[in-house]
Every structure is written in C-alpha cells, then in structure tokens.
Amino acid sequence: MIDKTAENIHNSSKIFVDWVEKYFKELENYPVLPSVKPGEIKSKLPESPPAKSESYEEIISDLDNIILPGVTHWNHPKFMAYFNSSSSDPGIFAELLSAAFNINGMLWKSNPASTELEEVTLNWFRQMLGLDKSFWGIIYDLASTSTMQAIVAARESLEDYSIRQKGFGAMAGKPRLRMYASEHSHSSIDKGAIVAGIGLDGVRKIPINSKFEMIPEELERAITEDKANGWKPFCVVATVGTTSTTSIDPVPEIAAICKSENIWLHVDAAHAGVAAIVPEMRFLLDGVENADSIVINPHKWMFMPIDISVLFTKHKGILKQAFSVIPDYLKTDEDNEVTNYMDYGIQLGRRFRGLKLWFVIRRYGTEGLIEIIREHLRLGKLFNSWINESKNFELLAPTPLSTICFRAVPPKIKTEDLLNTFNKQLMDNINSTGKVFLSHTILNGKFTIRVVISGIRTKEKDVKEVWQIINDEFYKLI
Ligand code: PLP
C-alpha cells in the first residue's frame, strides 16, 4: 500500500521540488521545440496500466527519458511562438498549493476562502487595469470559455427571446440572431457562437483596414444591412490585441455604435489586456468603459501557469440569469449574503485559481509586473527596428505591442509563391535549431513569421540571439 502520511509527502515532495529546481537550472539547454515524430512518445509507454504500485524514482526515470524529450518548453526564454504563457515561481507555488488543498469552490460554503480571495484579487486586478467599479469579475479556465459565456449572456439579455428557457425551437417568426467580429478575430468567437446556438452563419466578419483593425463604418453598414434583411444584431466582439498581429480594434467608435444600436459589446483582450497595467499603455482599454464585458488572460502575459482567464462584466445579474440552476443539494443558508460562483457559468466545480493571482501580484507587486511588461514592450520596439533597418527582411504589420510580424525578402526571389515557400522553409530551419521557437500567420496572402516577446525569462540577450539565428539561417538558405 502507498503510505499517505505527511512524512511520506515530505520525502517524496523533495524529489519533485529538486526536480523542478534542476529543470529550471537546465531549461536553456533543452531544445525549445522537441524533435520527436508523431507517435514516438506513445510507442515508448506501456499500453496497459501497471497492476502494482511503482516508485516515484521509476516514474521520474520515465519522465526524464520519455516525456521530457517530447516537451515543448513554453518557459524557455526563447519560446516566442503563438502567445506565450510562461510561469513564474509564485505562480508555480500557487498551483502546488491549489492541488494540495484540492478544494472545490462551487459555493461560498464549499470553500469560503477561494470565493472571497477571488473577489478580492479580481478587485485588485480591475484597479490595476484602470477599469471602474461597475465591472465585476469572475475567473474561468480559458478565454474561449469566458467569451462563450459572454455571448450566452448577450443572448440572454435580449428581451422577447428567452432562449435559455424555450430553446431555439421557439424562435419561429423571430429575426435570427447575428453577431459581429473583425476578420482578424480569434476562432474562439466562432466556437462561442457554435455553442451558444448562433451558428457560424450568425457570425458576420467585419473588414479590416491596412493595420488589421476593424473598420467601424463597415460594422455600422453591416448592422444596417442585416436589420433590413431581417436579422437581429445582438453582440459585437472587438479585439484588443488580435492573435496574428496584436492589432487593436477602435473600441471607442465600436462602443458608440453598440450603444446606439443597443448591442452587447464584448472585448477580447485575452493577450494584450494585461499590458494596460503599464500606465503609458492604459490607452489599450480606451472605450472599454462602455463595453458590457471584457476577457483578459493572466496566464498569457502575467506569468501564471495556464490556465486562468478573467471575465469582467457590468452585468453580473444577466450572467446569473443565463446560467444559474440550483438543485436542492446546493442550497445553503448563506445564499443571500455571498457570491456562489457556480451561478455565473457553465461549470459547477471550480479550482482555487485566485491563489495564482494573489501570489503573483503580491510577490512582484504592481510595480514589478509593470517593469517586466514594459521591458517586453521595449524589446519589441528594438526587434522591430532591426527588421526595419535590414535589407533582407520586411515588416508585414505594425508593432503596437511586442509581437513582430515580418518576412524575409531575398533579392533573387521575385514571386509571392516563392517568397511564401522560402519563408516557411526559413521558419522551419530556425525552429529545427532547437534554440528558438517561432510561429507564423498569413497576412494578405503572405507567409508571415511572428516573434512574440512576453516570456518572463526573456531578456535582451535572448532577443539578440534570436535575431542572430534568424540571420544565420537566412544566409544558409539563400
Ligand atoms: N483571444 C485571443 C485574441 C487569442 O489570441 C486567444 C489565443 O491565443 C484566445 C482568445 C483563446 O485563448 P484561450 O486559449 O485562453 O481560450
């Protein structure tokens, strides 16, 4: 039998704490992107579960030999793909404690501390972002969930529809629902629309300008046209920090349109929103004071292990109206005095995610967090200037934050197709070095390489080394 005493936890946890310490010491020696082939990890693991208990030493040995070679090191200072999610030590310790407590914060009563800590830390976070008190916050796992729930709340806010109660079957004769997001909005908007029963046909993509920002006049035109054609516009999603280029939709203008049309405005600031804690970047959330909801992921740029996403909304009551279903066994004496977070979303059980916010904000302080993000923004500008000055590369989008979109333009290659092939090969070669991981997007049909600078361990020397690797691989390929 396995010994479950505190003494055993002491002995075995030391093995793991030592392992984690060694991992971070050696992190930079690992290839950022593993070179394993599909199926390789699976082929090394037994097909059936072990009947007898195995020791932690045996498990760790397989972790080292089988799992580690297949791990992509998101914490590596030269992980610059997608939108980074890097974990700080207070974030890691908070996760450890969350697992140790193993609470379920569905109700205030089921764990008063997680409920009240969530309320307090979200109030802190709201102030750090410069959002006013009318915004109430809730933690979910991911931005995809936050946005889906905002869409459901927007749907619920419609008078005369009662879809929660009656379902879409009772909609016969009523105008179909339509929502709007820019052509560069994230796929989670479409998924939210699928789940909310709006359907992909119910999502109208609004054209963007040359800076990849939604064009408000096009939004206005689409709404007018849709109304004339029998649709019911009910929700707009503006993006602050789009996934490909971090472009920023003009929220003040979009908010004005939503107000005059009485449409719910949700702002997707999953990655970029955190940057608004830097005083000179507060403009990122201009206009959000007139939005109905906004999602920001601390796990993307606030150094907490995935997952933690925050939805702020001005309509706590509508969210509750959309989701609350209280069976007898979950009724408590305190229901009228407290927040029972299970009432505000699809999930019943809830992890102790507020610990991550609490630990990270306290350990760094707001000033410490501002300093790290400000440095990322400086490094972004620096990298941008290197591309600008190089004859071999060109920028393919503005750099409002610290995500740089560019491609190589070797003088001998003249056609767009060949340029796309060259840049894809260049990125693959860069990633094959194992020293850095970059990802791509397509902008105006052009294969675009992205460098994202938002990892907590990323320093100027890393950014310089990445630029050197890009140049070395460029010269090897031409
Ligand atoms: N919104 C934007 C702008 C994103 O870039 C992403 C992911 O990168 C998401 C939403 C989805 O985030 P999540 O993985 O937390 O669902």
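Atoms within a ligand are numbered from 1 in the order they appear, just like the ligands themselves.
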### Query
Side-chain contact, heavy-atom cut-off 4.5 Å: L357 with R353?
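With C-beta onward as the side chain, the pair stays apart.
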### Message
When you compare the side chain of R374 with that of P279, does any pair of heavy atoms fall below 4.5 Å?
### Response
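They are in contact (side-chain heavy atoms under 4.5 Å apart), so the answer is yes.
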At what distance is the nearest protein heavy atom to [atom], and which residue and atom is it?
atom                    : value
atom 5 (O) of ligand 1  : T243 OG1, 2.9 Å
atom 11 (C) of ligand 1 : H186 CE1, 3.4 Å
atom 2 (C) of ligand 1  : D268 OD2, 3.5 Å
atom 16 (O) of ligand 1 : S144 OG, 2.5 Å
atom 13 (P) of ligand 1 : A143 N, 3.6 Å
atom 8 (O) of ligand 1  : K300 NZ, 3.1 Å

### Message
salt bridge (charged side-chain N to carboxylate O under 4.0 Å, His left out), that's the test. Do R176 and D226 meet it? Break it down for me.
### Response
CA-CA 10 Å; R176 272 183 72 188; D226 281 353; over 6 Å; no
### Query
Which of these passes ring-ring contact (aromatic ring centres under 6.0 Å, His included) with W136: Y344, F312, F125?
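It is Y344; the other options fail the test.
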### Query
Which pairs pass salt bridge (Lys or Arg N to Asp or Glu O under 4.0 Å) with one or both residues in residues 129-153, sequence neighbours excluded?
none
### Query
Is it true that the NZ or CZ of R450 lies under 6.0 Å from the centre of F83's six-membered ring and within 45 degrees of the ring axis?
yes
### W264 and H315 aromatic ring geometry - parallel, tilted or perpendicular at 30°/60° bounds
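Because their plane-to-plane angle lies in the 30° to 60° range, the rings of H315 and W264 count as tilted.
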### Message
Below 30° counts as parallel, above 60° as perpendicular, anything between as tilted: where do the rings of Y30 and H73 land?
### Response
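Taking H73 first and then Y30, their aromatic rings lie parallel (interplane angle under 30°).
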If the cut-off is 4.0 Å to any non-hydrogen atom of [X], which atoms of ligand 1 fall inside it?
X    : answer
S188 : 10 (C)
G241 : 3 (C)
H299 : 15 (O)
F83  : 5 (O), 8 (O)
A270 : 1 (N), 2 (C), 10 (C)

### Query
For the residue pair K356 and G91, what are the closest heavy atoms and their distance?
CG-O, 4.2 Å
### Query
Is the shortest distance from a heavy atom of S309 to ligand 1 less than 4.0 Å?
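Checking ligand 1 against S309, which is what was asked, there is no heavy-atom contact under 4.0 Å.
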### Query
Would you say T242 contacts ligand 1, with heavy atoms under 4.0 Å as the rule?
no
### Task
For ligand 1, indicate whether the residue N297 contacts it via side chain, backbone, both or neither (heavy-atom separation under 4.0 Å).
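Side chain only.
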